[in-house]
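Step one of this worksheet: look at the structure below.
Excluded from the calculations below are hydrogen atoms, water molecules and symmetry mates; all remaining heavy atoms, backbone and side chain alike, are included. Since the model is a prediction, treat every value here as computed from it, not as a measurement.
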Amino acid sequence: MARPARWNHEEFENGVKKYRLSSWKYFSDFVSQELLDYTTYVYRGHGSSSWKLEPTLDRIIKQPTSEKRQSHLERFRLETRGRRGAHPSAMKDENDWWALGQHHGLATPLLDWTESPFVALFFAMNKAIELGSKEITVFAIAQVAIDARNKQITQNDNIPLVNKHKPTVKIVRPLSDENSRLVSQRGLFTRGPNNIDIETWIKEHQVKGREYLMDLMKVIIPVSENSVKECLRYLNRMNINHSTLFPDLSGASEYCNLHLVTPKY
């Protein structure tokens, strides 16, 4: 009997490559064979394969030029007074404030990414439990592809402004000490043009010389309740779990709770 394919190359369109794995158990092999040489990729996991690469604030505010975004941030800055410890660090960059809010549940224009494909897999699987998903997606995007498109966009006078700015994607690496989760997750953020998802942005801004490069990968993986639990147990053996990725009391509590419902976790 022929062995089923571990993964298939399904389609390639304008820099976006789509793969489909037959099981999460082949994810490590996929990383080794397809991703190991691509050192500038960063990763993001989605608990549902239907989700777009769009931030929470875009799903709430549908108008790209809405003033609600800035008032939302100003309200957050106001509400954090007296809640950041005795000697909070000064944050002059707007994106540092957005990043702080992102890891405390604020709706922001940022998307979380990680330098580890296995951390991205963890977040996708963990969310799949809550959603009861049939498929998850792990995205991989090349930072050099973002830089190449940004350069082309800023130099091209024919590209119209979006909300008074060129439609570039900014890579955000906050330096604030208040983002301990970011360090544990080997994390960073992207901030794109308002109300334009990252996949659409990649496809619409092609760069000469990169037509056949995989600038964004979509790795779709089928899941079930049992396979999600198996995968999370596997990742736990790699020291990827709530306790290591969320180095605070919430992470410790969630990690302990999982041992209640999954004794072999």
Side-chain angles (χ1 to χ4, degrees), residues 9-19 35 37-44 46 49-74 92-99 101-102 107-115 120 137-175 187-220:
H9 308 251
E10 292 209 334
E11 59 186 50
F12 178 79
E13 180 186 4
N14 296 334
V16 180
K17 182 73 173 181
K18 183 179 177 181
Y19 292 88
L35 295 173
D37 294 331
Y38 295 91
T39 56
T40 73
Y41 276 130
V42 291
Y43 307 88
R44 176 177 173 84
H46 281 188
S49 61
S50 65
W51 290 353
K52 296 181 179 180
L53 284 170
E54 60 180 355
T56 53
L57 202 57
D58 280 3
R59 296 198 293 270
I60 297 171
I61 302 176
K62 302 299 184 180
Q63 300 80 24
T65 58
S66 174
E67 295 180 356
K68 290 182 180 180
R69 299 171 191 272
Q70 198 59 38
S71 62
H72 178 56
L73 179 61
E74 292 304 318
K92 296 180 181 180
D93 192 315
E94 176 182 290
N95 286 321
D96 282 344
W97 280 101
W98 283 126
Q102 179 86 346
T108 82
L110 304 182
L111 281 178
D112 296 87
W113 298 82
T114 171
E115 294 176 350
T137 301
V138 174
F139 289 92
I141 192 169
Q143 296 177 77
V144 292
I146 294 176
D147 294 338
R149 282 166 172 76
N150 285 342
K151 183 177 180 180
Q152 176 175 273
I153 289 169
T154 55
Q155 293 176 349
N156 191 341
D157 294 332
N158 295 322
I159 295 179
L161 299 178
V162 176
N163 196 25
K164 301 181 180 179
H165 299 284
K166 288 283 189 176
T168 57
V169 171
K170 184 177 179 60
I171 298 174
V172 181
R173 296 179 182 272
L175 297 177
L188 65 156
F189 304 100
T190 56
R191 181 177 180 180
N194 295 343
N195 299 103
I196 299 176
D197 68 274
I198 297 292
E199 182 176 346
T200 298
W201 183 82
I202 286 286
K203 289 180 177 179
E204 290 183 350
H205 297 284
Q206 290 298 291
V207 177
K208 186 176 181 180
R210 298 192 66 89
E211 295 90 348
Y212 302 104
L213 298 179
M214 296 180 291
D215 290 338
L216 176 67
M217 292 189 196
K218 299 170 62 176
V219 184
I220 299 174

**Fill in**
Of all heavy-atom pairs linking N194 and P64, the shortest is ND2-O, 2.8 Å
**Prompt:** Are D197 and R59 within salt-bridge range, i.e. N to O under 4.0 Å?
**Reply:** no
**Request:** Give the minimum heavy-atom separation between S66 and I61, together with the two atoms involved.
**Result:** CB-CG2, 3.5 Å
**Prompt:** Quick one: CE on M214 to NZ on K18, what's the gap to the nearest 0.5 Å?
**Reply:** 16.0 Å
**Request:** Enter the distance from L188:CG to T114:OG1 here, rounded to the nearest 0.5 Å.
**Result:** 7.5 Å
**Fill in**
Distance col, row N14:CG vs E211:CD, nearest 0.5 angstrom, shows 10.0 Å
Can you give me every donor-acceptor pair (side chain of residues 151-162, partner residue at least two apart or in another chain, under 3.5 Å) with its distance?
from, atom 1, to, atom 2, distance (Å)
Q152, NE2, Q206, O, 2.7
T154, OG1, N150, O, 3.0
T154, OG1, K151, O, 3.0
N156, OD1, N158, N, 2.8

**Message:** Measuring from atom CD of E115 to atom OG1 of T40, what distance do you get when rounded to the nearest 0.5 angstrom?
**Reply:** 11.0 Å
**Request:** Determine whether E10 and Y19 make a side-chain contact, defined as any pair of heavy atoms from C-beta on separated by less than 4.5 Å.
**Result:** no
**Item:** Over all atoms of both residues, closest heavy-atom pair of V138 and A120
**Value:** CG1-CB, 4.0 Å
**Prompt:** Do side-chain atoms of W113 reach the backbone of I171 as a donor and acceptor pair under 3.5 angstrom?
**Reply:** no
**Message:** Do the side chains of R44 and E199 get close enough for a salt bridge, i.e. N-O under 4.0 angstrom?
**Reply:** no
**Prompt:** Hey, are the side chains of T108 and H72 touching, using non-hydrogen atoms and a 4.5 Å cut-off?
**Reply:** no
**Message:** For a quick test of reading the model, state the closest non-hydrogen atom pair linking G192 to V169 and the distance between them.
**Reply:** CA-CG2, 4.0 Å
**Asked** Does the side chain of T137 pick up a donor-acceptor pair with the side chain of W51 at under 3.5 Å?
**Response** no
**Request:** Mind listing the closest non-hydrogen atom pair of S49 and I220 along with its distance?
**Result:** CB-CG2, 4.4 Å
**Prompt:** Are any non-hydrogen side-chain atoms of Y43 and L35 less than 4.5 angstrom apart?
**Reply:** yes
**Message:** Check this for me: F12, atom CZ, are more than 12 non-hydrogen atoms of other residues, nucleotides or ligands nearer than 6.0 Å?
**Reply:** yes
**Message:** Around atom NZ of K68, are there more than 12 heavy atoms from other residues, nucleotides or ligands closer than 6.0 Å?
**Reply:** no
**Request:** Indicate the atoms forming the closest heavy-atom contact of R191 with L110, along with that distance.
**Result:** CB-CD2, 3.6 Å
**Item:** From CG (D147) to OG1 (T168), nearest 0.5 Å
**Value:** 10.5 Å
**Request:** Determine whether L53 and L216 make a side-chain contact, defined as any pair of heavy atoms from C-beta on separated by less than 4.5 Å.
**Result:** yes
**Request:** For the residue pair F189 and N95, establish whether any side-chain heavy-atom pair is separated by less than 4.5 Å.
**Result:** no
**Item:** Chi angles and distances behind the side chain to side chain contact (heavy atoms under 4.5 Å, CB included) call for W201, I146
**Value:** CA-CA 10 Å; W201 183 82; I146 294 176; 4.3 Å; yes
**Message:** Looking at D215 and R149, is there a salt bridge between them, counting it only when a charged N and a carboxylate O are closer than 4.0 Å?
**Reply:** yes
**Asked** Between K52 and T200, is any pair of side-chain heavy atoms under 4.5 Å apart?
**Response** no
**Request:** State the CD-CD1 distance between E54 and I196, to the nearest 0.5 angstrom.
**Result:** 11.5 Å
